[in-house]
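The block underneath contains the structure these notes are about, expressed in structure tokens.
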Amino acid sequence: ELAEKFSKYKQANFCISIDGLYKQNDYLRTGSNFDEVLKNTIAYRDDFKLHKNINMWLRNSPSALNMYGLGKWVDFFDKLNIPTGINNMLTDEPRNDIRYLPTAIKLKIKDHLLSSKYKNQKLVLERLFPVIQFMMSTPDDHAEKQDSFWIHNNKLDELRGESFAETFPEYYELFKEYYLATPSMP
């Protein structure tokens, strides 16, 4: 139905915002159901490919929550032949902004993303490189706000009855290791 409407235009662009995979998507987007989102995304892909005037892609907004899994995200959708873009850096609040993560954690994320193996290594690294560059930059107030993600997210977990540790176990270990090594931290 949507493809039919878009087919009447000279050109139509259709972008879907998905920020994680499976239970991580559902954690990031409370109330979301990744299986349903994926089913609909594939249906749109199949409908739209019948019309040359319709461009469809997925967009990811890198945040402190989803940065660690960004390479897997690109690789996953590339395997499904769905174009991706990572061009909406969250800068609204330090708790969301990847530049405010503690430097030791940023370095481990960078190492993880660059050393992981992907089906289309070249494409994934092309998508990741500018995001990693952005993450590695340091705002002037980094030192005083570098713990904002950790503090805020722990409060959200308590409020929502969710668990960052259970949803992102490998990523959580980076934070656990960092905060255990820094006793004065929250």
Of all heavy-atom pairs linking Pro94 and Ser148, the shortest is C-OG, 3.3 Å
Under 4.5 Å between side-chain heavy atoms, hopping through other hydrophobics if needed: is there a path connecting Leu125 to Phe129? no
With a 4.5 Å limit on heavy-atom distance, are the side chains of Asn40 and Ile16 in contact? no
Would you find more than 12 non-hydrogen atoms of other residues, nucleotides or ligands less than 6.0 Å from Glu144 atom CD? yes
With rounding to the nearest 0.5 Å, note down the distance linking CG in Leu114 to CG in Leu128. 7.0 Å
Separation of Ile54 CD1 from Phe14 CZ (nearest 0.5 Å): 9.5 Å
Report the C-alpha distance between Leu80 and Phe77 in whole Å, list the side-chain angles of each, state the deciding distance to 0.1 Å, and finish with yes or no for side-chain contact (heavy atoms from CB on, under 4.5 Å). CA-CA 5 Å; Leu80 294 174; Phe77 287 110; 4.2 Å; yes
Would you mind writing out the side-chain donor-acceptor pairs for residues 135-142 within the sub-3.5 Å range, not counting sequence neighbours?
{"residue": "Ser137", "atom": "OG", "partner": "Phe134", "partner atom": "O", "Å": "2.6"}
{"residue": "Asp141", "atom": "OD1", "partner": "Tyr100", "partner atom": "OH", "Å": "2.5"}
{"residue": "Asp141", "atom": "OD2", "partner": "Tyr100", "partner atom": "OH", "Å": "3.4"}
{"residue": "Asp141", "atom": "OD2", "partner": "Lys145", "partner atom": "NZ", "Å": "2.9"}
{"residue": "His142", "atom": "NE2", "partner": "Leu101", "partner atom": "O", "Å": "2.8"}

Nearest 0.5 Å please: distance from the NZ atom of Lys110 over to the CE atom of Met67. 11.0 Å
Report yes or no: does Asp97 contribute a side-chain atom to a donor-acceptor pair with the main-chain N or O of Glu93 at less than 3.5 Å? no
Flag, side chain of Gln121 to backbone of Ser116, donor-acceptor distance under 3.5 Å: yes
Non-hydrogen side-chain atoms of Trp57 and Asn13 separated by less than 4.5 Å: yes
Taking the basic N atoms (NZ, or NE/NH1/NH2) and the acidic carboxylate oxygens, is any pair closer than 4.0 Å for Lys49 and Asp46? yes
Does the ring center of Phe168 lie less than 6.0 Å from the ring center of Phe175? no
Quick check: do Asp111 and Leu107 have side-chain heavy atoms less than 4.5 Å from each other? no
Option passing ring pair (Phe, Tyr, Trp, His ring centres under 6.0 Å) with Phe149 (candidates Tyr178, Phe164, Tyr179): Phe164
Please report the closest heavy-atom contact between Ile98 and Lys106, naming both atoms and the distance. O-CD, 3.5 Å
Is it the case that over 12 heavy atoms from other parts of the model lie below 6.0 angstrom from the CD atom of Glu166? no
So, does Asn66 use its side chain to make a donor-acceptor pair with the main chain of Asp19 at under 3.5 Å? yes
Working to the nearest 0.5 angstrom, can you tell me the gap between Leu70 CG and Asp75 CG? 11.5 Å
What's the verdict on side-chain contact (heavy atoms from CB on, under 4.5 Å) for Ser17 and Arg29, showing C-alpha distance, side-chain angles and the deciding distance? CA-CA 11 Å; Ser17 179; Arg29 304 270 177 119; 2.7 Å; yes
State whether Lys119 and Asp78 are salt-bridged, where the test is any N-O pair (Lys NZ or Arg NE/NH1/NH2 against Asp/Glu carboxylate O) under 4.0 Å. no
Measuring only between side-chain heavy atoms, which start at C-beta, is Lys155 closer than 4.5 Å to Glu158? no
Side-chain contact, heavy-atom cut-off 4.5 Å: Tyr171 with Leu65? no
Answer with yes or no whether the hydrophobic clustering places Tyr9 together with Leu2; edges join I, L, V, M, F, W, Y residues whose side-chain heavy atoms lie under 4.5 Å apart. no
Output yes when Lys39 and Asp35 qualify as a salt bridge under the 4.0 Å nitrogen-oxygen rule, no when they do not. no
From CA spacing to verdict: ring pair (Phe, Tyr, Trp, His ring centres under 6.0 Å), Phe34, Tyr27: CA-CA 10 Å; Phe34 184 77; Tyr27 180 94; over 10 Å; no
Looking at residues at least two apart in the chain, or sitting in another chain, which of them share a side chain to side chain contact (heavy atoms under 4.5 Å, CB included) with Asp92? Leu90, Asn96
Would you say the side-chain atoms of Asn33 pair up with the backbone N or O of Glu36, donor to acceptor, closer than 3.5 Å? yes
May I ask you to test the Asn153-Arg95 pair for a side-chain heavy-atom distance under 4.5 Å? no
Under a 3.5 Å cutoff, is there a donor and acceptor pairing between the side chains of Asp157 and Ser163? no
Ring centroids only, cut at 6.0 angstrom: are His112 and Tyr68 within range, meaning strictly under it? yes
Given 3.5 Å as the limit, does a donor-acceptor pair link the side chain of Arg127 with the main chain of Thr84, or not? yes
Does Leu28 belong to the same Ile/Leu/Val/Met/Phe/Trp/Tyr cluster as Leu156, with side-chain heavy atoms less than 4.5 Å apart forming each link? no
If you take all heavy atoms of Leu113 and Gly71, which pair is closest and at what distance? CD2-N, 3.7 Å
First locate atom NZ of Lys176, then atom CG of Leu174, and finally report the distance between them rounded to the nearest 0.5 Å. 11.5 Å
Side-chain donor/acceptor of Asp47 to backbone N/O of Ala3, under 3.5 Å: no
Min side-chain heavy-atom separation Phe6-His51 under 4.5 Å: no
Contact summary for Asn81 and Arg45, nearest pair of heavy atoms: O-CD, 3.7 Å
Apply side-chain contact (heavy atoms from CB on, under 4.5 Å) to residues Ile82 and Tyr44 and explain how you reach the verdict. CA-CA 10 Å; Ile82 300 173; Tyr44 283 131; over 6 Å; no
Flag the pair Phe76 / Leu38 as yes when at least one side-chain heavy-atom distance between them is below 4.5 Å, and no otherwise. yes
If you compare all heavy atoms of Asn88 against all heavy atoms of Pro62, which two are closest, and at what distance to 0.1 Å? O-CD, 3.7 Å
Between Asn53 and Lys10, is a side-chain contact (heavy atoms from CB on, under 4.5 Å) present by the stated rule, with each step listed? CA-CA 6 Å; Asn53 68 311; Lys10 183 177 176 181; over 6 Å; no
Residue pair Pro102 / Asp147: nearest heavy atoms and the distance that separates them: CG-OD1, 4.4 Å
Hey, are Arg99 and Thr91 close enough side-chain-wise for a donor-acceptor pair under 3.5 Å? no
